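A short worksheet on the structure shown next.
As the structure is a computational prediction, the values presented were derived from the model and not from experiment.
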Amino acid sequence: MNYGDLFAKIFIFVLLLGIGCVIYYSIRSFIRSFVTKELNKSNNLEQKLDRIIELLEKDKTD
């Protein structure tokens, strides 16, 4: 085996490993952003419901 073949095999291995890492981190980033958006929606909804409850309680006492 000559050095050119060895270099090509190592290069292809590193390239495939790099592609795998890019795919992994892309999917991970997408999932994290999706979860963050859902949590923000949930928090916004919770804040609105808290505000409605406060207004209803205030209306009951008046």
Side-chain angles (χ1 to χ4, degrees):
M1 181 184 328
N2 61 22
Y3 290 111
D5 291 339
L6 181 63
F7 177 74
K9 287 180 183 182
I10 291 173
F11 178 75
I12 290 173
F13 176 73
V14 170
L15 184 67
L16 290 175
L17 188 63
I19 290 171
C21 288
V22 167
I23 291 171
Y24 170 76
Y25 285 109
S26 297
I27 292 172
R28 182 175 149 196
S29 174
F30 175 75
I31 290 172
R32 281 188 175 181
S33 68
F34 179 75
V35 168
T36 303
K37 286 178 186 177
E38 291 300 316
L39 286 175
N40 285 340
K41 286 180 186 178
S42 176
N43 288 338
N44 288 341
L45 182 60
E46 187 175 325
Q47 289 174 354
K48 288 177 184 177
L49 288 174
D50 287 342
R51 179 73 178 138
I52 291 171
I53 291 170
E54 288 175 9
L55 291 173
L56 288 173
E57 288 176 351
K58 182 180 176 185
D59 192 37
K60 277 186 179 179
T61 59
D62 290 342

Legend entry - N/O donor-acceptor pair under 3.5 Å between S29 side chain and S26 backbone: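 Judged by distance alone, no pair lies under 3.5 Å.
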If you group Ile, Leu, Val, Met, Phe, Trp and Tyr whenever their side-chain heavy atoms sit less than 4.5 Å apart, what else falls in with [X]?
X   : value
Y25 : Y24
F34 : none
L49 : L45

Quick one: side-chain contact (heavy atoms from CB on, under 4.5 Å) partners of [X], sequence neighbours excluded?
X   : result
I19 : L15, I23
Q47 : N44
V35 : I31, L39

Report all side-chain donor-acceptor pairs from residues 1-13 shorter than 3.5 Å, counting only partners two or more places apart or in another chain.
from, atom 1, to, atom 2, distance (Å)
N2, OD1, G4, N, 3.4
N2, OD1, D5, N, 2.9

Inset, instruction - Write out all pairs satisfying salt bridge (Lys or Arg N to Asp or Glu O under 4.0 Å) with one or both partners inside residues 44-53, taking only residues at least two apart or from two chains. - result: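 Counting only pairs at least two positions apart or across chains, the salt bridge (Lys or Arg N to Asp or Glu O under 4.0 Å) contacts touching residues 44-53 are R51-E54.
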Inset, instruction - Scan residues 29-40 for pairs that pass salt bridge (Lys or Arg N to Asp or Glu O under 4.0 Å), counting only residues two or more places apart or in two chains. - result: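 Residue pairs with at least one partner in residues 29-40: E38-K41.
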